[in-house]
Amino acid sequence: MHIPDGFVSLPVAAVTGLATVTAITISLSRSQDNFGLRQAPIMGLTTAFIFAAQMINFPVLGGTSGHLLGGALAAVILGNPWAATLCISTVLLIQGLLFADGGITALGANILNMGIIGVWTGWGLTQTLQRLIGGSKNRLPLAAGIAAGVSVVVAAIACSLELILSGTAEPAIILPAMTGIHALIGIGEGIITAGVLTYLAQVRPDLLPGDRPQLQKWLVPVVATLLIAGVLSLFASAWPDGLEKVAEMQGFLPLAENVRVKIPTPFADYEIEGLGAIGTSISGIIGTLICFGAAFGIAQFVKPKDA
């Protein structure tokens, strides 16, 4: 659902950019007041994992693929939607600046859709469902999985509205197309979210809110995240993602291809020129490490002084 340059108009880019800057500023402040983590490594590891997981597109029907957005997952792991907004925003910023995954002019819209709307929809619905089903930790993966799937559809609707306001697509066409495709992608989002939380609840409950992480047991999650970025990413589906597929079907894909000024990025399309698959692995690992370092630094900045 990463909007490239050329899909949104300058006014829409400006408004969404302003909204995003405001939301990130508030998130920095509220994370300092309510930081659910007791140390920076979980913030870094969650951000790194979501970056790595987003490299793996899974196939859905009709020659379309999707990937994890991760907003609901980040909010649940961090126990704090403000911190989750910072987490997803960091991923999207690094993807846009270094990997040409999402346009620079559309960065505000992408963060708004996935890092704010996606996060808060997933978090709010998870809390609501948890109350309805009794609040058991054993049922958290189910509640979060459902919420994660719904959050993808809501984020897709927000993306559609931005394209409509930009004059890129007609409401009667883009809304049902984006909603339908991302409902299928949302199923994958829900399964991944529920699966990760089930694993953590059974094997590493200390990585979930309420328990203090055991700092001597970081090797497995760190190695697993690097393997996802460096190895599993090589098996990602080559089919276009939901937005790209809709743009192709509705005829506005050339808007991205015909952008006059393109900002060079060192790892465009998660590749290093001349290295083939090895370049994908290396770029994925580099991106994962950068995400960890950036999020770790943010967590150190926003945590209370006495933490």
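It should be emphasised that the depicted structure is a prediction, and the values quoted were computed from it without experimental measurement.
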Peer 1: If only atom types and distance count, is the side chain of Gln54 paired as donor or acceptor with the main-chain N or O of Leu69 below 3.5 Å?
Peer 2: yes
Peer 1: Using every non-hydrogen atom in the two residues, find where Phe267 and Ile286 come nearest and quote the distance to one decimal.
Peer 2: CZ-CD1, 3.9 Å
Peer 1: How about Ile278: does its CD1 atom have over 12 heavy atoms from other parts shown lying under 6.0 Å from it?
Peer 2: no
Peer 1: Quick one: do Thr47 and Leu86 satisfy side-chain contact (heavy atoms from CB on, under 4.5 Å)? Show the steps, please.
Peer 2: CA-CA 9 Å; Thr47 304; Leu86 297 177; over 6 Å; no
Peer 1: Heavy-atom distance under 4.5 Å between the side chains of Phe7 and Leu253, does that happen here?
Peer 2: yes
Peer 1: What distance separates Leu163 CG from Gln250 CD, expressed to the nearest 0.5 Å?
Peer 2: 11.0 Å
Peer 1: Would you name the heavy atoms of Pro4 and Leu243 that are closest together and state the gap between them?
Peer 2: CD-CD2, 4.3 Å
Peer 1: To the nearest 0.5 Å, tell me how far Ile174 CD1 sits from Met249 CE.
Peer 2: 9.5 Å
Peer 1: Taking Thr46 for the side chain and Met43 for the main chain, is one N or O donor matched with an acceptor at less than 3.5 Å?
Peer 2: no
Peer 1: Looking at Thr121 and Ser151, what are the two nearest heavy atoms and their distance?
Peer 2: CG2-CA, 3.8 Å
Peer 1: Do side-chain atoms of Thr225 reach the backbone of Ala48 as a donor and acceptor pair under 3.5 angstrom?
Peer 2: no
Peer 1: Using side-chain heavy atoms (C-beta onward) and a distance below 4.5 Å, is Trp82 in contact with Trp120?
Peer 2: yes
Peer 1: Would a 4.5 Å heavy-atom cut-off, applied to side chains only, mark Leu28 and Ile298 as touching?
Peer 2: yes
Peer 1: I'd like to know if the side chain of Asp5 and the backbone of Thr105 have a donor-acceptor N/O pair within less than 3.5 Å.
Peer 2: yes
Peer 1: Taking atom CG of Leu10 as the centre, does the number of heavy atoms from other residues, nucleotides or ligands within less than 6.0 Å exceed 12?
Peer 2: no
Peer 1: For a 4.5 angstrom cut-off between non-hydrogen side-chain atoms, does Gln95 reach Phe51?
Peer 2: yes
Peer 1: Mind checking the CG-CG spacing from Leu92 to Asn113? Nearest 0.5 Å is all I need.
Peer 2: 9.5 Å
Peer 1: Is the shortest heavy-atom distance from the side chain of Phe235 to the side chain of Ile56 under 4.5 Å?
Peer 2: no
Peer 1: SG of Cys87 to CG of Leu45: how many Å apart, nearest 0.5 Å?
Peer 2: 10.0 Å
Peer 1: Do you know which two heavy atoms are closest between Ile3 and Ala106, and how far apart they sit?
Peer 2: O-CB, 3.4 Å
Peer 1: Any side-chain donor paired with an acceptor under 3.5 Å for Ser237 and Asn57?
Peer 2: no
Peer 1: Is the closest side-chain heavy-atom distance between Phe296 and Pro41 below 4.5 Å?
Peer 2: yes
Peer 1: Measure the spacing between CG of Asp241 and CD1 of Ile181 and express it to the nearest 0.5 Å.
Peer 2: 9.0 Å
Peer 1: First locate atom CD1 of Ile157, then atom NE2 of His182, and finally report the distance between them rounded to the nearest 0.5 Å.
Peer 2: 11.0 Å
Peer 1: Below 4.5 Å, heavy atoms only, C-beta onward: do Glu189 and Ile185 meet side chain to side chain?
Peer 2: no
Peer 1: I'd like to check Ser283 versus Glu271 (side-chain heavy atoms, cut-off strictly below 4.5 Å). Are they in contact?
Peer 2: no
Peer 1: Counting only N and O atoms by type, is there a donor-acceptor contact under 3.5 Å from the side chain of Arg139 to the main-chain atoms of Gln130?
Peer 2: no
